[in-house]
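All of these numbers come straight from a predicted model, not from anything done at the bench.
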Amino acid sequence: MKAALHPWKLDVPAALAALVAGGLGFVLNTFPLPIGSDLHLVFGAIFPLGIALTFSPLYGMVAAFLAGLATVWLWGHGLGLPFWVAQALVVGWCVQRWNWRALFADAVFWVGVSPLLYLLHVRSGVYPDGLGPAVAFKYVVNGLLCTTLADSCLGWPAFGRLLVRYGGRLPDDTLAARLTRVLTLVAVVPACALAVWYAHAASNQQEDEIRTELSTQAWFMVNVVVDKALEGRQDVTVLADRLSGMPDDPAAIARELRRFHQHYFLFETILVADTAGNVIASSPVVSEPQLNVAGHPHLQAVLSGQNVVISDGLRCLVEDQDTCVAFAAPIRLPDGRVRGVVEGRMTTTRLSRLLATSAANRSEQFHLVVLDRQSQVLATNRPDLFPLLAKTRLSDIRAYDRALWLPIPASGQEARFWVWQEREPETGWRCYALVPFAVVHQRAATVFIPFLLAIPFVLFVVAWASGVTVRRVMRPLDELTATARVLAADPGQAPAILNGQTAPATHLPAEIAHLTEAFHAMARQVGKTLNHLRATNIELEIARQRLEDARDNLERELAARTAEIERREEARLRSQKLELLGHLTGGIAHNFNNLLTVILSYSSLELSRRAPDDPACKGLQSIRRAAERGRDLVKQLMAYSRASEASAALCFPLHDALRTVQGMVERLFNEEVELTTNFAAGEVFVYAIPQELEQVFLNLLVNARDAMPNGGTISLETTLVADTAAEAGGVVFPAGSRLEDFLAAQPVVRISVRDTGTGILPEVMARLCEPFFTTKEQHKGTGLGLSTALGTITSAGGLLRVESEVGKGTAFHVYLPVANQPAAGVPASGSQRLSFLKPSAQARRVLVVEDDPDVRATVEAALLAGGFAVVEARDGQAAWNIIQQQAGRFDLVVTDVRMPNVNGVQLASSIWETYPDLPVLFISGYADRDDTGQSFAFRDNLIYKPFTATEIVEKVKSMMDKNTAEQPTKVG
C-alpha cells in the first residue's frame, strides 16, 4: 500500500497503464450508445477514471486526454476533451487525497462546471434549436455514469488484482467496499441499459411518427398538384377545340374568351397567340400592347406538335399577382395544321392557400414546398422562408431520413430540417415536406428529460442503498473481522478485547448481532486452548521444516550425484575409446618399428661396408631415406595418439621439434590458412619428452586452424624472456600459479601460437583446460586436448598463459625452463663408420635380448660390426638364465621393453638387484605402463626403434664409457 500520494512521480508501470487505458478509452469512444436524435452516451472515460482512482490524477489526466482525442478526431467535437481531463483530475485527487467516494466527488465536479456547460451549449448558440440544455445535462449524466462504472469495476476481483499487481492502490480496499462496488455494478448496469433501451425505442417511435406525417404531407401536395394539373389540361383543351372552328377574327376570339372565362374560374388569364407568338386576344385584356410570347419554352413545345404543355413558374401579366403556371394547347385547322396557341395561366396562390390550410391543421410546424422543373418555388405555406420563384437546393438532397442543414432562400442562412420528397409524375414537379429539427427535439424532450433524470436518480438511489448496507451490515462485519484478526495475531488479548462486547448492539440487525455474540463466545473458548495448541503447532512446524529441509537436501544431493555419475560415465567411455585407440596405435607402431629397425640397420651396415663411390650406395641410400620417412610417420602417429607413456625426458633442441611439428601441420592446413614462424636466434635446449612436447604444439596449431573457419594467419614464435613485466595479461594455467615468480627463478623460453580467429569468450576462458570440456560440436572434439597439453607442460616444469579477444584472435604462450646445452664431445648420429673387424678376445661383451628374431639379428650384426662380442637371448627368462650361468660377466645388456613372459623392465630389475654395476640399455618402439610399471622412469638408457646400426653402436659405446667413468667413484 502506498503511504502517500505522489501525483507527479514518474512510475513506468503506471505510465504504461495510463497509455493502455487511454487507448482503450479512445477505441470505446468510437462506439457511442445512441439514445435518440443527436444524443448518445460514451463510455471512454471509464478507463481513465479507473487509472485516476488507483494510480494518481496525473496518469488519469494523461489517459483522459488520449481517450478524448477520439471525439476531436472522429466527430470534430472537442468539448469532451477538456472536461474529461478536468474530471479525472478532480475525482482522482478527491478520492486519493481526502478518501471521498467517487460518485460524491464526481457530483461535486459537475455541480461546479454546470454553469460553464450551460453557457457553452445554450448562450453560445451552438444548439439554437433548443437542444442545448439537454446536451449539457447529458454531459453531467454521462460523467456520473462513467465514474460510477469505473469505481464499481474496481470491486471486480480480476480487474482489481491486475491494477494492484502493477502498483495501483484501490481506494477503501475493504470487504465492504468491494462488495458494495460489485452490488453497484450489478444494479446500475441493468437499470441504465433498460433506461437507454426505453429512451432509444421511444425516440425511434417519435421519429417514425414524424417521418409518417412528412410522407403524408408530401403525398397530399402531390394529389393537389395532380388535381389542378388535370383540371387545367381539360379546360385548356376544351377552349382550344372551341377556337378551332372560329374564323381568324380577333374580336370574335376575344368575345369567346370572355364567355369561357365567365364559366371556368381556374385560369386568371387566358391568351391566344398566333404561330409567331403575337398575342391577338386575351381575357382579361392585357394592358401591354403588342405582347409577344414566342420566347416561352412551353409555347415552342406546343408549336412543335405536343397537345398540352404545362410550363414552369412564370411571372403573371396581372400586376397584383406574382406567380403563375401556363397550360398551353394548339388551335388546329381542319387539316390538322396549327394556326395558333391558346394559353391559360393559373396563379399558384390558390395552391399555396391549400398547402397553408393543410399545414394549419397539424399540431407541429410543417413547411410545404412545391418546386418546378427548374427548382423554382411554385407554392409554399411559408413564403417568408421560401419566396415564390426563388431558387433552392432542395433538389440536391439524396437522403431524407435524417436531419439536414439547408440554406433558407429568404435569409441565406442555414437551418436544420427533416425532409421528405415526392415527385408528381405528370408535371415533373417535386413536392417537399419539411419539419424543423426543433419540432423533433420538442417531441423527444418527453423521452430524453425523463431518461436523463432517471439515470442520476438510479445512481443516487444505488449509492444511498450501498451506504445503508455498509453502515448497517458491512461495517459491523468489518469490525467483527478486525477483532478476529487481532485475536488471530495475539490470542492472549482476548479477555481485554472481548470485555464489554459480549452484548450485541441494539442498532444492529438481529442476524449480525447473533453472529457477533456467537463469535465472541467462540473466541473465548479458542483463547483458552490456543496456548497449548500454539506450543504443539510450533513443535510440529519445526519438525515439518526439518523434514522439508532434509528432503530438499536429499533431492539436491541425489541430483548432484546423478549428474556426477552421468558425467563420470561419459568420461569413462571417452577414456576407454581413447585408451583403445592408443593400444591399437601402439601395437601397430611396435610391429612397424621392428620392420623399420631391420631396414635401417641393414641399409646402414651395407653403406658402411661399401665405398662412397660404389654404385650400389645410391640404392641403399634411397632405401635408408624411405625407412627414415617411415620412422618419422610412426613417430608422428605415436605422438598424436600418445601411445607411449614411458618415454624418457631428454635434453633436446627445441627448434628441431618445432620444425618437425611444422612439417606435420603443413599437410593439414589448406591454402586459406597461412603459417608463419619466427624463432629466436641460436638453438634453445629444453628438458622434456620430445614426442609429448611435439603433441602439445600439434594440438595448439590444429585448434588455431579450427578457430579460423574462413581462413587467416597462424604464427609460431619463440622468444627468450628478458622482460618479465611484458609477460602480463590473460589467464595463467594451472590456476593459482604465479608467472612472475616462475620467470624470476630461471631462464625461460616462451613459445607462442597466435591466430586471427574468432577468439574465446570470457566465461569459456576459466574452463579452458578442464578435462572433457569442449566448445566444438558433438563428435568433433573430446575435450582432452588442452587438458593433456597442460599436463605435458607442467610435467616439463612449465606454465601456460592464454590471451584472447573475441573477434580478433587468441594467443597461447608456453613457458619452459631453458636447459644447458649437452656436451660437445658426444659424436653426432652417423658421423663414424663401423670397423667390421672380428671381435678380439678382449672385446667387450654385450647381451642382446629381443623376442623378434629379425630385430635381434639386426642388433647382433650392428654390434659385431662395431667390434663387440655379442650373446643372444630370445626373451627375458632366457637372458636371465644366461646372466646367471656366466655370473654377470657382461659389459652391457641390450633388451627390448615389450617381451612375452618377462619384459625388459622386469629383467633389468632382477639384474640390478644381483649385479648393480651392470648397465642396461633399453630398446623400444612402444612401451606403456602395463609393461614398465607405474614407478619406473627411463633416464638416458633408452633408444627408440627404428634406429640405424651406427646409432645403436654409438649408444652402446656411450653407455659403456659412462659406466666405466662412474666405477671408480662407486668404489671409492
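The minimum heavy-atom distance linking F812 with I760 is given by the pair CZ-CD1, 4.4 Å. The minimum heavy-atom distance between V897 and N903, with the atom names listed, is O-CB, 3.1 Å. For G904 against M899, the heavy-atom pair with the smallest separation is N-CE, 3.7 Å. Looking at every heavy atom in both residues, L907 comes nearest to G876 through CD1-O, 3.6 Å. In terms of heavy-atom proximity, M959 sits nearest to P919 at CE-CB, 4.3 Å. The two residues I952 and A949 make their nearest non-hydrogen contact at CG2-O, 3.0 Å.
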For L816 and Y687, what are the C-alpha separation, side-chain angles and deciding distance, and is it a side-chain contact (heavy atoms from CB on, under 4.5 Å)? CA-CA 9 Å; L816 295 176; Y687 193 79; over 6 Å; no
Might you work through the side-chain contact (heavy atoms from CB on, under 4.5 Å) test for Y915 and D917, ending with a clear yes or no? CA-CA 6 Å; Y915 308 101; D917 296 331; over 6 Å; no
Show your reasoning for whether side-chain contact (heavy atoms from CB on, under 4.5 Å) applies to H813 and V802. CA-CA 6 Å; H813 305 291; V802 183; over 6 Å; no
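The side chain to side chain donor-acceptor pair (under 3.5 Å) check on Y815 picks up E727, R801, with sequence neighbours excluded. With sequence neighbours left out, D852 forms a side-chain contact (heavy atoms from CB on, under 4.5 Å) with N594, E850, D854, V855. Contacts of H655 classified as ring pair (Phe, Tyr, Trp, His ring centres under 6.0 Å), with partners at least two apart in sequence or in another chain: F679. Residues meeting the salt bridge (Lys or Arg N to Asp or Glu O under 4.0 Å) test with D961, sequence neighbours left out: R844. For E717, the salt bridge (Lys or Arg N to Asp or Glu O under 4.0 Å) partners at least two apart in sequence or on another chain are R754. Remark: R659 engages D656 in a side chain to side chain donor-acceptor pair (under 3.5 Å) (not counting sequence neighbours). S804 is linked by a side chain to side chain donor-acceptor pair (under 3.5 Å) to T810, counting only residues two or more places apart in sequence or in another chain. Residues satisfying the side-chain contact (heavy atoms from CB on, under 4.5 Å) test with R845, not counting sequence neighbours, are A869, V871, Q886, R889, F890, D891. Checked against side chain to side chain donor-acceptor pair (under 3.5 Å), E674 has no partners two or more places apart in sequence or in another chain. Residues satisfying the salt bridge (Lys or Arg N to Asp or Glu O under 4.0 Å) test with R874, not counting sequence neighbours, are none. With sequence neighbours excluded, the residues satisfying side-chain contact (heavy atoms from CB on, under 4.5 Å) with L720 are V684, V749, V818.
Residues V814 and L700 have side chains in contact (heavy-atom distance under 4.5 Å, counting atoms from C-beta outward). Taking 4.5 Å as the limit, every side-chain heavy atom of V894 sits out of range of all side-chain heavy atoms of L847. In this structure, the side chains of V902 and D875 stay at 4.5 Å or more apart for every pair of heavy atoms. Two residues are said to be in side-chain contact when any heavy atoms from C-beta on lie closer than 4.5 Å; F685 and L654 fail this criterion. By the 4.5 Å heavy-atom criterion applied to side chains, K955 and F947 are not counted as neighbours. Side-chain contact between T756 and K808: absent, with no pair of heavy atoms (C-beta onward) separated by less than 4.5 Å. Side-chain contact between K957 and V953 is present, with heavy atoms from C-beta onward closer than 4.5 Å. Between V893 and L918, some side-chain heavy-atom pair lies under the 4.5 Å cut-off.
Here L800 contributes atom CG and I793 contributes atom CD1; the two are 5.0 Å apart, rounded to the nearest 0.5 Å. From D755, atom CG reaches atom OG1 of T713 across 10.0 Å, with rounding to the nearest 0.5 Å. With rounding to the nearest 0.5 angstrom, the CD1 atom of I714 is 9.0 Å from the OG1 atom of T676. L693 CG to L658 CG: the interatomic distance, rounded to the nearest 0.5 Å, is 7.5 Å. Once rounded to the nearest 0.5 Å, the distance linking CG of N678 with OG1 of T719 reads 7.0 Å. To the nearest 0.5 Å, atom OG1 of residue T948 and atom CD1 of residue I599 are 13.5 Å apart.
Ion pairing of D896 with K945 is present here, as a side-chain N (NZ or NE/NH1/NH2) and a carboxylate O approach within less than 4.0 Å.
No donor-acceptor distance shorter than 3.5 angstrom exists from the side chain of T914 to the backbone of I911, with no hydrogens or angles considered. Looking only at distances, no side-chain donor or acceptor of Q884 sits under 3.5 Å from a matching main-chain atom of N881.
Remark: the S752 side chain and the R750 side chain contain an N/O donor-acceptor pair separated by less than 3.5 Å.
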Expected list for residues 734-745: side-chain donor-acceptor pairs under 3.5 angstrom, two or more places apart:
residue : atom : partner : partner atom : Å
S737    : OG   : P734    : O            : 2.8
R738    : NE   : D741    : OD2          : 2.9

